[in-house]
Amino acid sequence: MILHTLIDYDALRVIWWLLLGVLLIGFAIMDGFDLGTGMLLPFVARTDLERRVVINTVGPVWEGNQVWLILGGGAIFAAWPPLYAVSFSGFYLAMFAILFALILRPVGFKYRSKREGAAWRTAWDWALFVGGLVPALVMGVAVGNVLQGVPFHLNDELRIFYDGTTLIELLNPYGLLCGLLSVAMLVMHGANWLVLKTEGEVEARARTIGSVAALITALLFVLGGVWLYFGVSGYRIVGEIAKDGPSNPLAKAAELSPHAWFANYAARPWIIAGPLLGIAGALASFAALRARREIGAILASALAIFGIISTVGLSIFPFILPSSIDPRSSLTVWDASSSHLTLFIMLVCAVVFVPVILAYTTWVYRVLWGKVDAKAIADGSGHAY
């Protein structure tokens, strides 16, 4: 018996849909507080020493956290080739903006302390702010556009054509709302990280900003859901779809349908857990910050991130990228994956290597546990940015 036949093709497709969600949520949680910290840098720290403290809360871990971004991109490339083709080519300018902003981060970390001039260091502080804000905003905008549908179509030879024009069209009102939600969510998470890792005035300012960001996150999430129900139509599959058939999006029929994303909650009531966790996590983060429960606050913001991102995936399932101009070309879990054998080989690799990454990450955070010592940074003992 061939090994890959031990797991059905349709089951492998769902498994990789789940794994992709895990990787994207892992990136948002692990690298999210890095991005949030960058956005908060000019506001929670007022002296050079305070800013160095903030930078050194993420300096030892930010590179390792980006492993989740690499894993997510690699999973899209290998498990969902049409999704990779549409998103990385159609959203080319948006991806370039994210890449440029992410490049600013290592340059900012490394070059900020090369000179002692105030103007020099302030410029790099704002570069780190941009390096946090742009990815958070653009990724949220991208999710907002996925919920509305993306302008692409497939021809009879399954060649993909992106019919969008400029980056500006992605910045539509609902996309911007989702972008602001993403920014608020990661500011909340970053503030909770700073509360956990700093002391004194920086911690106090982070606590205040994090409390406000938590309430804004909950408010924008609810507003986004209301807007989605009344102002954005979803998509639905018409008739049957072969769950274990070859990957051919044109083999199905699909159509635009008002309230289609919410119809999934009637079909699978348990998925209401996603939005409930998103709202509850944000409110719990606020409560934990006010009660000065540092660990509880960051765990609550991680729960909010999990709930908010999983809400998107669960709401549009089985769609992974709907087409706004040709619903039939929409990509779904059942018709946009790699082959049965490819998915199986990748699953074996994931089972082997993801636990290794988790174990190493756990060890690193255990070693680096505790508050950042401002005195040690000031007197130059040890390595510090």
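Because only heavy atoms are used, hydrogens play no part in the values below, and waters and symmetry mates are left out as well, while side chains stay in. In this text, all values refer to a predicted model and were calculated from it rather than measured experimentally.
- In terms of heavy-atom proximity, A78 sits nearest to T342 at O-CG2, 4.0 Å.
- T208 and S211 share no side-chain donor-acceptor pair at under 3.5 Å.
- Counting heavy atoms from C-beta outward, N192 and S285 have side chains that approach closer than 4.5 Å.
- Counting non-hydrogen atoms of neighbouring residues, nucleotides and ligands closer than 6.0 angstrom, the CG atom of L158 exceeds 12 such neighbours.
- Looking at R328 and E255, their side chains never come closer than 4.5 Å, going by heavy atoms from C-beta outward.
- Taking the six-membered ring where the residue is Trp, Y235 and F319 present tilted rings, their angle falling between 30° and 60°.
- Of the possible donor and acceptor atoms, none in the side chain of S257 sits under 3.5 Å from a partner among the backbone N and O of A260.
- A donor-acceptor contact shorter than 3.5 Å is absent between the side chain of W193 and the backbone of D34.
- For the pair T217 and I308, the minimum side-chain heavy-atom distance is below 4.5 Å.
- In summary, the aromatic rings of Y229 and W261 are positioned with their centroids too far apart to meet the 6.0 Å limit.
- Side-chain contact between E203 and K371: present, with at least one pair of heavy atoms (C-beta onward) separated by less than 4.5 Å.
- The shortest heavy-atom contact between S329 and F152 is O-CE1, 3.4 Å.
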Walk me through it: do V134 and L104 pass the test side chain to side chain contact (heavy atoms under 4.5 Å, CB included)?
CA-CA 11 Å; V134 172; L104 284 178; over 6 Å; no

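- Judged purely by distance below 3.5 Å, without hydrogens or angles, the side chains of R13 and S247 pair a donor atom with an acceptor atom.
- Looking at L347 and L19, their side chains come closer than 4.5 Å, going by heavy atoms from C-beta outward.
- By the criterion of side-chain heavy atoms lying less than 4.5 angstrom apart, applied directly or through intervening Ile, Leu, Val, Met, Phe, Trp or Tyr residues, L35 is not grouped with L99; the two fall into different hydrophobic clusters.
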Side chain to side chain contact (heavy atoms under 4.5 Å, CB included) assessment of F33 paired with V61
CA-CA 11 Å; F33 67 75; V61 298; 4.3 Å; yes

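- Listed by chain and number, the residues in a ring pair (Phe, Tyr, Trp, His ring centres under 6.0 Å) with W68 amount to none (sequence neighbours excluded).
- Here I241 contributes atom CD1 and T332 contributes atom OG1; the two are 4.0 Å apart, rounded to the nearest 0.5 Å.
- Remark: side-chain polar atoms of N172 are paired, donor with acceptor, to backbone N or O of G175 under 3.5 angstrom.
- In summary, the side chains of Y265 and S315 do present a donor paired with an acceptor at a separation below 3.5 Å, with no hydrogens or angles considered.
- Between atom CG of residue L41 and atom OG1 of residue T57 there is a gap of 9.0 Å, rounded to the nearest 0.5 Å.
- Heavy atoms only, all atoms of each residue included: A282 and A214 are closest at O-CB, 3.4 Å.
- Using a 4.5 Å cut-off on side-chain heavy atoms (C-beta onward), S182 and V143 make no contact.
- Cluster annotation: V107 is not connected to L128 through the hydrophobic network of ILVMFWY side chains, with a link wherever side-chain heavy atoms come within less than 4.5 Å.
- Side-chain contact check for D335 and N248: no donor-acceptor pair (N or O, by modelled atom type) lies under 3.5 Å.
- Taking hydrophobic clusters as Ile, Leu, Val, Met, Phe, Trp and Tyr residues chained together by side-chain heavy-atom distances below 4.5 Å, V44 shares a cluster with M188.
- Counting heavy atoms from C-beta on, the side chains of L186 and M39 come closer than 4.5 Å.
- Pairing each heavy atom of R121 with each of R112, the nearest pair is CG-O, 3.3 Å.
- Not counting sequence neighbours, the partners of R51 by the side chain to side chain donor-acceptor pair (under 3.5 Å) test are D125.
- Of all heavy-atom pairs spanning P106 and W62, the tightest one is CB-CH2, 3.4 Å.
- Within the 3.5 Å criterion, the main-chain N or O of P327 finds no donor-acceptor partner in the side chain of H153.
- Using a cutoff of 4.0 Å between basic side-chain nitrogens and carboxylate oxygens, E63 and R105 are not scored as salt-bridged.
- For F306, the CZ atom is loosely surrounded, since the number of other residues' heavy atoms within 6.0 Å does not exceed 12.
- In terms of heavy-atom proximity, P81 sits nearest to S337 at CD-C, 4.2 Å.
- There is a path of hydrophobic side-chain contacts, each under 4.5 Å, that joins I305 to L181.
- Within the model, atoms CD1 of I55 and OG of S113 stand 6.5 Å from one another, a figure rounded to the nearest 0.5 Å.
- Using a 4.5 Å heavy-atom cutoff, the side chains of V54 and L194 are in contact.
- With a 6.0 Å radius and a threshold of 12 heavy atoms from other residues, nucleotides or ligands, R292 has its CZ atom at or below the threshold.
- Sorted by first and then second residue, the pairs that involve residues 114-140 and meet ring pair (Phe, Tyr, Trp, His ring centres under 6.0 Å), not counting sequence neighbours, are F43-W126, F43-F129, W120-W124, W126-F129.
- Within a 6.0 Å sphere centred on OH of Y360, heavy atoms belonging to other residues, nucleotides or ligands number 12 at most.
- Residues L69 and F353 do not share a hydrophobic cluster, clusters being chains of Ile/Leu/Val/Met/Phe/Trp/Tyr side chains in contact below 4.5 Å.
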